[in-house]
Amino acid sequence: MPHPVLTALGLQATESGTYLGNGEWADGRDAGILEPVNPTNGEVLGQVLATSEADYERIVTRAQAAFREWRKTPAPRRGEAVRLCAEALRTHKDALGSLVALEMGKSKPEGDGEVQEMIDIGEFAVGLSRQLYGLTMHSERPGHRMYEQWHPMGVVGIISAFNFPVAVWAWNALVAAVCGNISIWKPSPKTPLSAIASMKICNDALKAGGFPDIFFLFNDAGSDLAQAFVDDKRVALISFTGSTKVGRHVGERVAKRMGRSLLELGGNNAIIVDPTADLKLAIPAIVFGAVGTAGQRCTTTRRLFVHESIYDDVLAKLKTAYGQVEKRIGDPTDAANLMGPLNSREGVQAYLDAIEKAKASGGTIESGGKALTDRKGNFVLPALVSGLTNDAEVVQTETFAPILYVMKYSDLDDAIAMQNDVPQGLSSALFTTDLRASEQFLSAWGSDCGIANINIGTSGAEIGGAFGGEKETGGGRESGSDAWRAYMRRQTNTINYSDALPLAQGIKFDL
Ligand code: UN1
């Protein structure tokens, strides 16, 4: 019997991981089987039939054919298709949020929050479908008009990570769809069921609304198909979310074939707490940033710089708060719990290795630092580590687990310099009530990250802004603002309505 959370979404114990279009799901078993594991108890949640090479070819061919039609559909009409998806996601929010919590291991409110992000980006994309604006320019030549317009790219590839198994797809796919693209999704092998459920919800809504296929899905049991996908010239854009290590490889491969890539890679995000900070805000923001999603967001708070005058007080308050969190670690589908398990055994090992390294480098474990071996599943205690400097190797490394390195500073310039002194550049925050400190942090000589916040934490970004970061975070931007441009090609048009042929720059070429 499948888990009731799967049943609620109409999923069986064995599901196809391949959506071929035309309502068909592949049923071959030859390409291997994925077995996503419930991180709460180690039990296999279901079987997902992986995609064969032949079926991958079928998907790309069908996606290309679908694009030839979809690009002719007016953008506001494409928006209507996305509106139906957002509406269907709203109807299924509770069930899909529960599946995300179950399969990924994040808390139920965070699972629901992820589905809310899908709905929000869908609604954003509907509005966007009437706002894909280009500029008009004044030509230097008489009787000439210049303007630019934005055309769809074609087939867009989306490779998503286990930590946001559904929202990141929606950020990409729903925006890409109103832009006139067809998308092919390769989800994380750790969370294929959440992907299948999302596809079914959206594709059913499209079909009921009389729309054609615009979303395809494949699952790879190994990494051969994913490699082929990245190298596939027919895929105009690869949007990759995941580790810096894999992202670097993806970026290089896509660049080699002169494709376009959008990279959302690792973060090593910091919060600075200055002497004027309102600790009523700072403490819960730090704890949610460090402990939320069990430290498995790319925006998770991993480093904390506290002014020396309040350091002892802040550390004591954090220890108390961590003690409260410890009492509410457990089954993420139970809404009473604040923290679920890590997604995988490897995640637990990475956490334990980092704790050992922190100790060996002279760090003090102020709270947590252990795996919970008294129960099944991948549970760990969130860790607070003091006594390390920002240049320690373990502090410079993104460990995808709830470990917060707490450091002291005396001068804001130094704190900002330390915050910036990591390879990654995703998210950052300053807690202050001092206008000068706030403006310095947000200035060109302040935070070097793609996201810089005042008096809110590093994670939990809204979809309305462009999301992404600099340096080894990869430079990509997706979701809101004008991130849609990444999914379109710009065309500059000059129209001569005069009866002469003047050349630009005054060049004479008289025959
Ligand atoms: C991610 O961790 O990959 O800002 C994305 C946040 C979420 C998205 C995180 N809105 O935490």
Side-chain angles (χ1 to χ4, degrees), residues 97 100-101 103-107 109-124 158-175 185-188 190-191 194-195 239-247 250 262-271 284-302 338-340 342-343 347 398-402 404 424-429 447 449-454 456-470 472-481 483:
V100 168
E103 192 180 35
M104 187 280 159
K106 62 177 66 176
S107 71
E110 288 184 65
D112 290 350
E114 194 173 334
V115 182
Q116 188 59 47
E117 282 199 49
M118 303 174 88
I119 299 163
D120 292 342
I121 195 69
E123 292 176 350
F124 179 90
I158 303 165
I159 304 178
S160 62
F162 75 86
N163 65 330
F164 274 81
V166 294
V168 167
W169 169 73
W171 295 358
N172 284 278
L174 302 185
V175 172
W185 182 12
K186 193 209 88 69
S188 162
K190 294 180 173 128
T191 50
S194 301
S239 175
F240 173 85
T241 303
S243 69
T244 294
K245 188 165 161 255
V246 179
V250 169
L262 197 172
L263 303 175
E264 296 288 350
L265 314 178
N268 194 348
N269 318 295
I271 291 180
I286 295 163
V287 179
F288 177 71
V291 164
T293 329
Q296 300 165 106
R297 290 194 195 205
C298 57
T299 49
T300 291
T301 310
R302 309 204 179 277
L338 291 174
M339 190 178 127
L342 291 176
N343 177 259
E398 178 193 43
T399 303
F400 229 52
L404 181 66
Q424 310 84 349
L426 179 55
S427 186
S428 57
S447 166
C449 293
I451 297 170
N453 296 332
I454 302 293
I456 66 161
T458 59
S459 66
E462 299 176 24
I463 60 92
F467 182 89
E470 305 303 330
E472 289 193 0
T473 302
R477 291 294 186 281
E478 56 196 18
S479 199
S481 182

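Quick caveat: nothing in here was measured; it's all calculated off a predicted structure. Heavy atoms only: backbone and side chains are in, while hydrogens, waters and symmetry mates are out. Counting starts at 1 for both ligands and their atoms, in listed order.
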Discussion item. If only side-chain N and O atoms count, and only distance matters, is there a donor-acceptor pair under 3.5 Å linking Ser194 with Glu103?
Written reply: yes
Item to complete: Report the part of Trp171 (side chain from C-beta onward, or backbone N, CA, C, O) that has a heavy atom under 4.0 Å from ligand 1; answer both or neither where that applies.
Response: side chain
Fill in: Minimum heavy-atom distance between Ser107 and Leu338, given as atom pair plus value
CB-O, 4.2 Å
Item to complete: Quick one: look up the protein heavy atom nearest atom 3 (O) of ligand 1 and list residue, atom name and how far away it is.
Response: Cys298 SG, 3.0 Å
Discussion item. Suppose I only count heavy atoms of Gly460 and a 4.0 Å limit; which atoms of ligand 1 are within that range?
Written reply: 4 (O), 6 (C), 11 (O)
Worksheet, complete the sentence: Logged contact type for Ile463 with ligand 1, heavy-atom cut-off 4.0 Å, is neither
Worksheet item: At a 4.0 Å threshold, what atoms of ligand 1 neighbour a non-hydrogen atom of Asn163?
Response: 1 (C), 2 (O), 3 (O)
Item to complete: With atom 9 (C) of ligand 1 as the reference point, say which of Phe288, Phe164, Phe162 has the nearest heavy atom.
Response: Phe164
Practice prompt. Rounded to the nearest 0.5 Å, what's the gap from CG on Leu426 to CZ on Arg302? Could you check?
Written response: 10.0 Å
Worksheet item: For atom 4 (O) of ligand 1, what's the nearest protein heavy atom and its distance?
Response: Ala461 N, 2.8 Å
Discussion item. Taking 4.0 angstrom as the limit and counting only heavy atoms of Arg297, give me the atoms of ligand 1 inside it, by number and element.
Written reply: 2 (O), 6 (C), 7 (C), 11 (O)
Worksheet item: Is it the case that Lys106 places NZ or CZ above or below the six-membered ring of Phe164, under 6.0 angstrom from the centre and within 45 degrees of the axis?
Response: yes
Worksheet item: Quick one: does Glu117 get a heavy atom under 4.0 Å from ligand 1?
Response: yes
Worksheet item: Using 30° and 60° as the class limits, which term best fits the ring planes of Phe162 and Phe400: parallel, tilted or perpendicular?
Response: perpendicular
Discussion item. Between Gln116 and Asp120, do the side chains contain a donor N or O and an acceptor N or O under 3.5 Å apart?
Written reply: yes
Discussion item. Can you name the atoms of ligand 1, numbered from 1 with element, that are less than 4.0 Å from a heavy atom of Phe467?
Written reply: 4 (O), 5 (C), 9 (C)
